[in-house]
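Notes to accompany the following structure.
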2 protein chains.
Amino acid sequence: MVTRHSYDQDLELLRQSLLNMGNAVADAIDGAVIALAQQDNELARKVMENDDDVDRMEIEIEDKCMVLIARQQPIARDLRVIGTGLKITTDLERMGDHAYDIAKIALSLSDQPLIKPLVDIPRMARMAQKMLKDSLEAYITLDIGLAEQVCINDDEVDNIYSQVFRELLTYMMEDPKTITQATQLIFVARYLERIADHATNIAEWTIYLVTGQRLRKN
Amino acid sequence: MVTRHSYDQDLELLRQSLLNMGNAVADAIDGAVIALAQQDNELARKVMENDDDVDRMEIEIEDKCMVLIARQQPIARDLRVIGTGLKITTDLERMGDHAYDIAKIALSLSDQPLIKPLVDIPRMARMAQKMLKDSLEAYITLDIGLAEQVCINDDEVDNIYSQVFRELLTYMMEDPKTITQATQLIFVARYLERIADHATNIAEWTIYLVTGQRLRKN
């Protein structure tokens, strides 16, 4: 027989694991975009290697959720904590994959001058990272207001993405030599836009956790 | 008290719901790529509208999984059926989103001649669709061999993606007027490659369901 006290401890551990995974993913996003902007191969490789840790964390959290469900037979909000934990870990893992993809592009572009100094892409990365941290903070503290703010911020990231996309198309049209690199930078912007979408998913899971109401996915 | 018999019926209903959702997603992939190749606006719009149904199915399946866990307190393989159900519905929903994205691109390109007849993109779509159907078939029938085949087929889709990507870059370099459209077609190819990745995830979930062993995610 497992006591309520030890169960609360298990849920606390689950939350802590999600936070650790989120921090690892935030570091990966940061590292990948710095590696890209500063053409730092070593950092790019480190980000790619660390993605294995993120994948391992996902599996550990999923296993933890399964064990909790089997042992505790939770209902109502306790069950939603675990159900959303399973969903959030998927979002985090996908964000980690996108950071990996950005680091891979950084590596492929490191032997050529960048067609332009990167300004908007690092800005998108900072915003996406903040959305990730805020969404997890909202999840842990059950802060609906903060979760709603994350959803609102997503529109701004979408706008910067559209702007970066158009700008890079213009570069390609004006100078076909930039095509290969500009295409890769469009992908980077797209991955950051997707990372922000996943942070928004986490915010929406938080709203579901607290209210029991599902929102439309983006 | 719920009997084992009614529980088996519930699990059967869950499997059926996943299959229905998978069929809706397969139709969306098919429709989106036909809309693109034949510049069929009406079909593109229909695919985009139908994505709401797919999103609704995801929520229904997740709710069903939560209710099953709460009511049945499953363990071992029964719990894995539900846990993998929760994961697979996320993969299906993402595939549906990618079909939506392709339909949106189809709509945006419908007022201009295509820069080339589309051959490899429809081929990728057929392969990804087959991988999706096979992965769900494997999940329902617990067919590990079929699941492994899906994982193998993913390499072929990756190869076609690389080839399409290089070909479209060449188009852009040879004729800058093709840049906007070719960039969109690169995204289409990328979405199809991602759809195949999600089918591979479903195959890997099937292997986990049967063996209890997790594979490395792609």
Side-chain angles (χ1 to χ4, degrees), chain A residues 51-52 54-56 58-60 62-63 65-76 78-80 82-84 86-87 89-91 93-94 96-97 101 165-166 168-180 182-184 186-187 190 194 197-198 201 208 212 214-218, chain B residues 51-52 54-56 58-60 62-63 65-76 78-80 82-84 86-87 89-91 93-94 96-97 101 165-166 168-180 182-184 186-187 190 194 197-198 201 208 212 214-218:
Chain A
D51 190 48
D52 285 344
V54 172
D55 289 349
R56 244 192 312 274
E58 184 197 18
I59 293 178
E60 280 167 19
E62 282 168 5
D63 287 348
C65 289
M66 290 302 193
V67 169
L68 270 174
I69 293 174
R71 277 176 38 203
Q72 306 286 354
Q73 306 159 352
I75 55 165
D78 285 345
L79 180 56
R80 289 208 300 275
I82 301 172
T84 52
L86 276 172
K87 284 297 196 172
T89 187
T90 309
D91 281 305
E93 192 268 339
R94 289 297 304 140
D97 281 353
D101 291 335
F165 181 80
R166 282 193 306 270
L168 287 166
L169 278 189
T170 310
Y171 266 84
M172 291 198 262
M173 285 173 199
E174 285 173 0
D175 180 3
K177 283 195 301 296
T178 66
I179 285 174
T180 307
T183 306
Q184 297 296 340
I186 285 176
F187 269 116
R190 175 71 180 170
R194 290 296 308 149
D197 283 347
H198 285 290
N201 287 348
Y208 166 72
R214 293 288 302 261
L215 301 182
R216 274 280 286 114
K217 294 283 283 290
N218 56 60
Chain B
D51 190 47
D52 285 344
V54 172
D55 289 348
R56 246 193 310 277
E58 184 198 18
I59 292 177
E60 280 167 19
E62 283 169 2
D63 287 348
C65 288
M66 289 301 192
V67 168
L68 270 174
I69 293 175
R71 277 177 38 204
Q72 305 287 352
Q73 306 159 351
I75 53 164
D78 286 344
L79 180 56
R80 289 207 300 274
I82 301 173
T84 53
L86 276 172
K87 284 295 195 172
T89 188
T90 308
D91 281 306
E93 192 267 340
R94 289 296 305 140
D97 281 352
D101 291 334
F165 182 80
R166 282 193 306 271
L168 287 166
L169 278 189
T170 309
Y171 267 83
M172 292 198 260
M173 285 173 199
E174 285 174 359
D175 180 3
K177 284 196 299 297
T178 66
I179 285 174
T180 307
T183 305
Q184 297 296 341
I186 285 176
F187 269 117
R190 175 71 180 171
R194 289 298 308 149
D197 282 348
H198 285 291
N201 287 349
Y208 166 71
R214 292 288 302 262
L215 300 182
R216 273 282 285 114
K217 294 283 283 293
N218 58 58

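Letters A, B, ... are given to chains in the order of the sequence lines, protein chains preceding strands, and every chain is numbered from 1. Heavy atoms only: backbone and side chains are in, while hydrogens, waters and symmetry mates are out.
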Looking at CD1 of B:I179 and CG of A:L168, how far apart are the two atoms once the value is rounded to the nearest 0.5 Å? 11.5 Å
Assess whether a salt bridge exists between B:E93 and A:K87, defined as any Lys/Arg side-chain N lying under 4.0 Å from an Asp/Glu carboxylate O. no
Rounded to the nearest 0.5 angstrom, the OG1-CZ distance for B:T90 and A:R94 is 11.5 Å
Check salt bridge (Lys or Arg N to Asp or Glu O under 4.0 Å) between A:R190 and all other residues, then give those that pass, not counting sequence neighbours. A:E193, B:D101
Looking only at non-hydrogen atoms, find the nearest pair between A:M173 and B:T180 and report the distance. CE-OG1, 2.9 Å
Applying side-chain contact (heavy atoms from CB on, under 4.5 Å), can you list everything that pairs with A:L86, at least two apart in sequence or on another chain? A:E62, A:C65, B:L86
